[in-house]
Amino acid sequence: MNHINKLKIFNDPIYGFISIPNELIYDLIQHPYFQRLRRISQMGLSYLVYPGANHTRFHHALGCMHLMQKAIETLRFKGVVISSEEENALYIAILLHDIGHGPFSHAMEKSIVEDVNHEAISLLFMNQLNEEFEGKLSLAIQVFKGDYHRKFMLQLISSQLDMDRMDYLKRDSFYTGVAEGNVNSERLIQMMNVVEGVLVIEEKGIYSVEKFLLSRRLMYWQAYLHKTSLVAELILMKVLKRAKELTLKGINLPCSESLLYFMENKITLGNFNAEILDLFSQLDDFDIIGALKAWQRQDDFILSTLSKMIINRDLLKIKMSAEKIPIEESQTMKEEFAHEHNISLAEAEYFIFRGKIKNQAYSKEAEPIRIFKKDRTIEDVVEASDQLNLKSLSKLVTKYYICFPKQLI
């Protein structure tokens, strides 16, 4: 019998060759749960703004694993002891950190499943895989949950300067062409160290950290919270909400079996069992696009109109403001639209709605980015930096929006 060579390499447009460190990692990548990430876009509907943003969560997960390999190499070089079990746990945890994302990423968390976030679903997937792989993921799960005694390991996976953020900023910047997001991940990793059990950045790396935080802020305004991407995602959430509403009234809507299950049932974290997890693993972007194409031709005015908007990229108008938008403004629009299309005011809310978005590049409440100074003291990056803009980057910026049909301008 021929043994498959499992030490394969991937050719990545950003880092060049990414190698698979061992057979277990290969088997996890080959698993249908992980292969599904090839069919989940990394930036949701952002390709409606940036035509190149068609990369997937699969790309991103491999990129994160590659950066983790570099980080472990750097830390070991500096004398940090990391056993082979811990190394593997770090690879597994970072590889699977996003495995719980639904189609078009965040839109699903608020519509198809009831407030179950992707981190919780990632953990369900990891537990399921741990059973299939006879406990080989136990340490990775412990690290992922923050239960492992070596704190820096969780910080490499989930913190304000982790492998996840380093990869998605660099990758999303590359695929969108938004040059401001291009962070120097190699330099940042070279500056990492572990002191008193926590992850630190050596003082000479402080400018790279400042650039990283600034890049993050700019990527949020220019890409992730771009008003067209935002309105497209909000419309998608409204479409799914309407589809669920109609399905629960007994109206048969054409869609895939797995999508139908989530529309017919109320799914919370409490009832998310192995059977539901398997159905969730069948869901990807194609189920949603296929459904939207079919729903354009449905009798329901709301469902068909909103579906057409996404398919044809003829979206609602969105107006942003630094000030709260008065309720009267949306109320008048709703009355006018409801009257014109012979629908109720509640139904008009599918087309006219307000909301707010927040952007904070660095949070003082969360685990800080620690700078290890030459005098061997450790300081929060905001205090260590001589840049005034870092203080402003830790300020929470809120913007308000209102969405409405173009004919109401």
Cation-pi geometry met for Lys227 and Trp221 (6.0 Å, 45°): no
Of all heavy-atom pairs between Phe144 and Glu119, which one has the smallest distance, and what is that distance? CE2-O, 4.1 Å
Which pairs with one or both residues in residues 138-148 pass side-chain hydrogen bond (donor to acceptor under 3.5 Å, both in side chains), sequence neighbours excluded? Glu86-Tyr148, Asn130-Ser138
For Tyr26 against Ile20, the heavy-atom pair lying closest together: N-CG2, 3.6 Å
Would you compute the distance between atom CZ of Phe34 and atom CD1 of Ile25 and round it to the nearest 0.5 angstrom? 9.5 Å
Quick one: does any side-chain atom of Glu180 pair with a main-chain N or O of Ser215 as donor and acceptor, under 3.5 Å? no
Taking Arg76 for the side chain and Ile82 for the main chain, is one N or O donor matched with an acceptor at less than 3.5 Å? yes
Aromatic ring proximity, centroids under 6.0 angstrom, His60 and His97: yes
Less than 6.0 angstrom from the centroid, inside 45 degrees of the normal: does Lys238 satisfy that with respect to the ring of Phe353? yes
Within residues 29-40 or reaching into it, pairs that qualify as salt bridge (Lys or Arg N to Asp or Glu O under 4.0 Å) - sequence neighbours excluded: Arg39-Asp284
Regarding Glu257 and Tyr261, is there a side-chain donor-to-acceptor distance under 3.5 Å anywhere? no
Distance-only donor-acceptor check, side chains Tyr224 and Asp172, under 3.5 Å: yes
Just verifying a value: how many Å separate Ser229 OG and Leu48 CG, rounded to the nearest 0.5 Å? 7.5 Å
Within residues 319-331 or reaching into it, pairs that qualify as side-chain hydrogen bond (donor to acceptor under 3.5 Å, both in side chains) - sequence neighbours excluded: Lys319-Glu329
Return the CE to OG distance between Met219 and Ser173, rounded to the nearest 0.5 Å. 5.5 Å
Could you verify whether a donor N or O on one side chain and an acceptor N or O on the other, from Glu367 and Gln160, lie under 3.5 Å apart? no
side-chain contact (heavy atoms from CB on, under 4.5 Å) partner of Ile157, chosen from Val143, Asp162, Asp164: Val143
If only side-chain N and O atoms count, and only distance matters, is there a donor-acceptor pair under 3.5 Å linking Tyr15 with Asp167? yes
Will you find, in the side chains of His101 and Arg57, an N or O donor that is under 3.5 Å from an N or O acceptor? yes
Residues two or more places apart in sequence or in another chain: which of them pass side-chain hydrogen bond (donor to acceptor under 3.5 Å, both in side chains) with Ser256? Asp287
Can you tell me if Tyr168 and Asp98 form a side-chain donor-acceptor pair at under 3.5 Å? no
When rounded to the nearest 0.5 Å, the distance separating OH of Tyr33 from CG of Asp278 is 5.0 Å
Could you tell me whether Asp314 and Lys308 have a side-chain N and a carboxylate O separated by less than 4.0 Å? no
For the CD1 atom of Ile206 and the CD atom of Glu379, what is their distance to the nearest 0.5 Å? 8.0 Å
Output all residues satisfying side chain to side chain contact (heavy atoms under 4.5 Å, CB included) with Ala274, sequence neighbours left out; order by chain, then residue number. Gln128
I need the full list of ring pair (Phe, Tyr, Trp, His ring centres under 6.0 Å) pairs touching residues 290-312, with sequence neighbours left out, sorted by first then second residue. Phe301-His341, Phe301-Phe351
In short, Thr228 meets Arg313 closest at the heavy-atom pair CG2-NH2, 3.5 Å
Please report whether the ring centroid of Tyr175 lies less than 6.0 Å from that of His59. yes
